[in-house]
Every structure is written in C-alpha cells, then in structure tokens.
Amino acid sequence: MAKSIMIQGTMSNVGKSFLTAGLCRVLRQDGWKVAPFKSQNMALNSFITADGLEIGRAQAVQAEACGIEPTADMNPILLKPSSDVGSQVIVRGTPIGTMPAKEYFDYKKKLIPQILESYRRLDEEYDIIVIEGAGSPAEINLAQDDIVNMGIAEMTDSPVILAGDIDRGGVFAQLYGTVMLLPESQRKRIRGLVINKFRGDRSILDPGTEMISKLCGIPVVGTVPFLKADIDDEDSLSTRLTAKGKPAAPGEIDIAVIRLPRLSNFTDLHVFETVGLCNVRYVTDVKELGTPDLLVLPGTKNTIDDLLWLRTNGLESAILKLAAAEVPVIGICGGYQMMGEVLSDPEGHESGQPGRVLRGMGLIPAETVFTGEKIRSQNKGEAVASEGLFAALRGKQVRGYQIHMGRTTVRGGKPLLKLRKALLPEPEGYASGWIAGTYLHGIFDGPGVAAGIAELLRKRKMPGADAVEETGITDPADAADYEDYRRRQYDILADGVRRNLDMEKIYQIIDRRDLSGG
C-alpha cells in the first residue's frame, strides 16, 4: 500500500496545486514512485489522457512533475461549469451529463465507490500519493458528505498539511479559523501548517508563526515565498487572467487573447510567454483590444453563449474590423467554431435549446453541428497550410489534444494541419490568408511553432528590420523544445519547496512518525 499526504487550503487559490506539484517533484527526485490525486476538481482547463479520458489540467501538470503519464484515476471527478448554476459532470474521464449544483450535491455520494476504486489503483502502483483538496475544509455548509477535503482524508486515512495565503492578508486568521471550525477528529488529521506566497524578511514573521503554532497545537512546517517557477495555472483565478495585461513595448509582438466568460484551456497561449519579444494579454472589451499583431479566439465551454457575449458587447464587430484590416486571427476549439458561418444545435447539447441555429462570424467557410458525443483524443501531426500567413509553419511538427462536442465541416480544402490518425493523415482546421482555426489544443507547444509564429509576425510588422536576437527558451534557429523548458520549471519549483518546507518533518508526517500531531 502507498503512503499518502494531503495538501488542503484555507480557501481557493492559496497555492495548493503548486505545492502539490512541487512536493510531487521533490519526492520523485528523492527516488520515490509518486502520483497525484484529487478526488473532485472544478475547472475549465482540462487535459486528455493517452487513452482519451478527460481530467483537470492541474492533475496532468502534477503527473508531469512526477515524471509519469496522467491517468483518469488521478482525478476521478471533474466538474466543468457550463452556466452560473450548472456543470458538466465527468466521471473517470467520461461525461455523464450536466447537473445543477443542488442536484449534483445530492448525487455525489453515489460517486464514492468510483473515487475509492481510482484511489485503490494508484495505491497498488505507487509508493506515495500526494492528494490535493479543493477550496477549504471549513466550508461548513458543504461539510456533510464531503468527498474532496476532510472526507477524502478520512476515506484514505491521510495526514493533512494546511496551507494559507499570506499575500491576500489575514493568514493567521485563515489558519486559526479553519482549524477551529473543524471537529476535533478532523483537526487531529492536520499535521502541519504552511504559510504560502510570502514576500519580505522572514524574521519579521517568526513571532507570528510561533504563536499560531501554539494556538492551533500544530507545527508550522514551512513558509514558502512566491516561487518563480513557470507552471500552468488553473482557470479564472490565474493572475495571467485577473491582472490587466501590459501594452506591448515598441518592437514587441502584441498577442491579444479574448477572455471569454467561459474560457477554457487558456494554457494554449502559455508558451508565447517564453518566447522573446512576445507580449500576451487577455482582453474583455473593445477599448482594451487595440490593434494587436495576432488576435486569438481561445476555447470555451459554451461556444454559443460566448459568441452571443462577443456580439452584444461589440467585440465581434471589432474583431471583424481587425480581420478586414488583415490582422491575423486564429481560433482554437470553441474559437474556431465561432469563426465559421453557422452553428447548429439540433438536440440542444450546447445551448440547452433543441433546434437552435446561430449565425457565426463568417471568417471561415465552415458549419459546426453540436452532438452529444464528445471528441477526446491526443494527436500528433504537422502544419500543412499551403497559402497565406500560416504557410510559413509548413512542415513543423505539432502535438496536442482535441476535446469538443461539435463537428465542423469546412468547405474549400485549406487545412492548417494534417494529424496522424489510423493509417492515413487527416486534414484538420483551416488556414487561408491571415485567418486560421483548429481544434488542436497545445498546437503552439511543438518545437519551434510558437517561435516560428513570432518570427513571421515580426517580419510582417517590421519588414525592413534586421533580424533581432530572440530571448527566452524558444528560438526560431534551433527550435528548442518547450517540454525541456517545462521540466526545468518543475525542478525550480521543487528546489523552492525543498528549501522552504521542513522536509524532515514532511517525511515524518508521511511515515506517520509524528504521532503527537505537533
């Protein structure tokens, strides 16, 4: 049987996912066979495993930190919000339907056997399982029938580390209040406290850590600073999305990404932040849009609703004007669907309104029909655009995954990619002039793809300029691999976690040698 340790937080966005990934990497560096686990995740950033199953992106990142392939057992329940009150429910990688919050709250007890079955499979294969909680264990209105915080800690008999976020203020109240709201039996499971996202002189904090340890009767096992590791974030709480993007400096490539209300898989654009001279910013209204060098329509959990949002707030009109002025536009997944001519939802799977037909943006000669079957697959291939701006990528290798409900039929035979499926390459997407679209998430992550796009945009922006020296990890000349960059970031994260957590105490907690709980 595997040993286990669980990271819980005083609230959302305290850094549980980062701490879990960092601890996974440390344990892996120390020679352990380690795996992540999160019984229930609510996120629009998802990932498709090698066997075509869907899990939260955070668990895929954590598996990557462990040096293993992600599996559906690492995140047996994924909730993907499709409206303000309902979510698509995905169980062990497969959608089972969309439920309002109250219906799911009553239903989730039935999922405990699947959760425990997934955990048992990991338990049989790995030495250590690092479990991540969700939100806070002190959400007393949800404590009954909890399956993701103390509930799963009890089911798996796991010791808990409780993390608080000092950057948002009130970290001592966060920690004390969380501990005190728990019943005594659950309080005893907390073996250590962590203060996360610290800035400044740690000696000033020491009196507070000593006091909170005495008040709670639980040791502080680490004060972790903001770590400069470039790891994928989760969803809407990402600082990439919540902070206003800075305008591009002179000479920089300005990449504007529409921040759709139900934005999903925004990590598709992460790689551009590692390419020298690229500035990526997320925009929500016309006055922020300006005239970028590249406009990206990203994925969304609800294409029809988000297209209507673009239409009502004036962004659609602004995007069409930019396209008419030959500003390059690329759509990914839901963004690709929006760029077509017609979106049809005959059975109401996308909009909840059977028979609904909506006019698209008309940038791509295509029609999308939504069906009940979700496409879920990993893919490899190459760029094959034969004309227009994106023809400069021809021959570059691409890899990624598809995850979508609609089927898109394109007229005119101008594919962006050819993907290796079955025995023959299949054309995918569309590219003509300065317009492109694709279903392939991760398309920019292939060697030299993002850097190649940046270089062609630079030449388009400054046609008479001399070549400029690229900074960052991707260079058009050598096409350095983004995967190698990601591996280095996990090592940076692990180094920060190792230096700032009491790893001797962490191992005692894992080995159950801290029987006093402090």
Side-chain angles (χ1 to χ4, degrees), residues 1-9 12 14-43 45-51 53-79 90 92-93 114-135 147-149 151-153 155-163 194 196 224 227 229 231-235 267 486-487 489-491 493-494 496-498 501 506-507 509-510:
M1 292 178 63
K3 298 173 182 178
S4 62
I5 187 169
M6 186 170 189
I7 308 295
Q8 296 187 16
S12 296
V14 302
K16 295 185 295 291
S17 295
F18 275 28
L19 289 173
T20 300
L23 186 55
C24 282
R25 190 67 166 189
V26 168
L27 296 171
R28 189 236 184 183
Q29 290 173 343
D30 289 351
W32 298 101
K33 192 176 181 183
V34 58
F37 181 78
K38 186 167 185 175
S39 56
Q40 174 189 289
N41 197 354
M42 177 175 280
N45 268 359
S46 59
F47 178 84
I48 299 300
T49 64
D51 52 354
L53 300 176
E54 186 175 4
I55 64 172
R57 179 118 189 150
Q59 281 61 66
V61 165
Q62 291 158 4
E64 195 172 34
C66 295
I68 58 176
E69 278 290 319
T71 71
D73 286 330
M74 297 170 187
N75 177 209
I77 302 173
L78 174 63
L79 305 177
I90 297 167
R92 286 167 59 182
Q114 288 96 319
I115 292 171
L116 293 179
E117 184 179 345
S118 287
Y119 187 85
R120 277 194 295 268
R121 278 197 286 266
L122 298 178
D123 191 34
E124 292 169 357
E125 186 175 352
Y126 294 93
D127 300 322
I128 302 174
I129 301 172
V130 184
I131 307 171
E132 181 188 348
I147 62 170
V148 69
N149 286 306
I152 198 67
M155 291 179 214
T156 58
D157 192 23
S158 298
V160 173
I161 302 295
L162 180 66
V194 171
N196 200 23
V224 181
L227 297 176
I231 307 296
D232 285 350
D233 299 325
E234 274 198 294
D235 280 2
T267 47
R486 291 175 66 88
R487 285 190 289 269
Q489 298 308 305
Y490 292 129
D491 289 335
L493 178 62
V497 167
R498 191 186 293 275
L501 289 186
I506 295 296
Y507 272 115
I509 292 169
I510 292 172

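Here the structure is a predicted model, which is why all the values come from computation and not from measurement. Residues take their numbers from the sequence shown, with the count starting at 1.
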Between CG of Leu122 and CD1 of Ile131, what distance do you get to the nearest 0.5 Å? 9.5 Å
How close do Gln8 and Lys16 get, counting heavy atoms only, and between which atoms? C-CD, 3.6 Å
Minimum side-chain heavy-atom gap Val14-Asn196 below 4.5 Å: no
As a quick check of understanding, evaluate side-chain contact (heavy atoms from CB on, under 4.5 Å) for Gln62 and Val130, giving each step before the final call. CA-CA 9 Å; Gln62 291 158 4; Val130 184; over 6 Å; no
To the nearest 0.5 Å, tell me how far Gln40 CD sits from Ile77 CD1. 5.5 Å
Please check this pair: side chain of Asp123 against backbone of Ala2, looking for a donor-acceptor N/O pair closer than 3.5 Å. yes
Rounded to the nearest 0.5 Å, how far apart are OG1 of Thr71 and CG of Asp51? 8.0 Å
Quick one: closest heavy-atom pair of Pro76 and Lys38, and the distance? CD-O, 3.5 Å
Sequence-distant partners of Glu125, side-chain hydrogen bond (donor to acceptor under 3.5 Å, both in side chains), two or more places apart: none
For Tyr119, which residues count as a ring pair (Phe, Tyr, Trp, His ring centres under 6.0 Å) partner, sequence neighbours excluded? Phe37
Examine distances only and state if a side-chain atom of Asp127 and a backbone atom of Lys33 form a donor-acceptor pair shorter than 3.5 Å. yes
Rounded to the nearest 0.5 Å, how far apart are CD1 of Ile5 and CD1 of Ile509? 5.0 Å
Give me the atom names and distance for the closest heavy-atom approach of Cys66 to Pro36. SG-CD, 3.9 Å
Within-4.5 Å side-chain heavy-atom neighbours: Asp157 and Met1: no
Pairs where residues 17-31 contributes a residue and the test salt bridge (charged side-chain N to carboxylate O under 4.0 Å, His left out) is met, not counting sequence neighbours: Arg25-Asp491, Asp30-Arg498
side-chain hydrogen bond (donor to acceptor under 3.5 Å, both in side chains) with Ser158: which residues, sequence neighbours excluded? Ser4, Thr156
Between Asn75 and Gly56 (side chain of the first, backbone of the second, donor and acceptor by atom type, cut-off under 3.5 Å), is there such a pair? yes
Are any non-hydrogen side-chain atoms of Val61 and Tyr490 less than 4.5 angstrom apart? yes
What closest approach, in Å, do Glu132 and Ser17 show between heavy atoms, and which atom pair accounts for it? OE2-OG, 2.7 Å
Where Ala43 and Leu78 come nearest, the two heavy atoms and their spacing: O-CD1, 3.9 Å
So, Thr49 versus Glu69: side-chain donor-acceptor pair below 3.5 Å or not? no
Hey, what do you get for CG (Leu19) to CD1 (Ile7), rounding to the nearest 0.5 Å? 6.0 Å
Set of residues satisfying side-chain hydrogen bond (donor to acceptor under 3.5 Å, both in side chains) with respect to Asp73, sequence neighbours excluded: Ser118, Arg121
For a 4.5 angstrom cut-off between non-hydrogen side-chain atoms, does Trp32 reach Val26? no
Output, in order, the C-alpha distance, side-chain angles, deciding distance and verdict of side-chain contact (heavy atoms from CB on, under 4.5 Å) for Ile68 and Tyr126. CA-CA 11 Å; Ile68 58 176; Tyr126 294 93; 3.5 Å; yes
Restricting to side-chain hydrogen bond (donor to acceptor under 3.5 Å, both in side chains), what partner residues turn up for Gln489, sequence neighbours left out? none
Nearest-0.5 Å distance, CG of residue Leu23 to CD1 of residue Ile506: 6.5 Å
Can you name the nearest heavy-atom pair linking Arg92 to Leu53, along with the distance? O-CD1, 3.9 Å
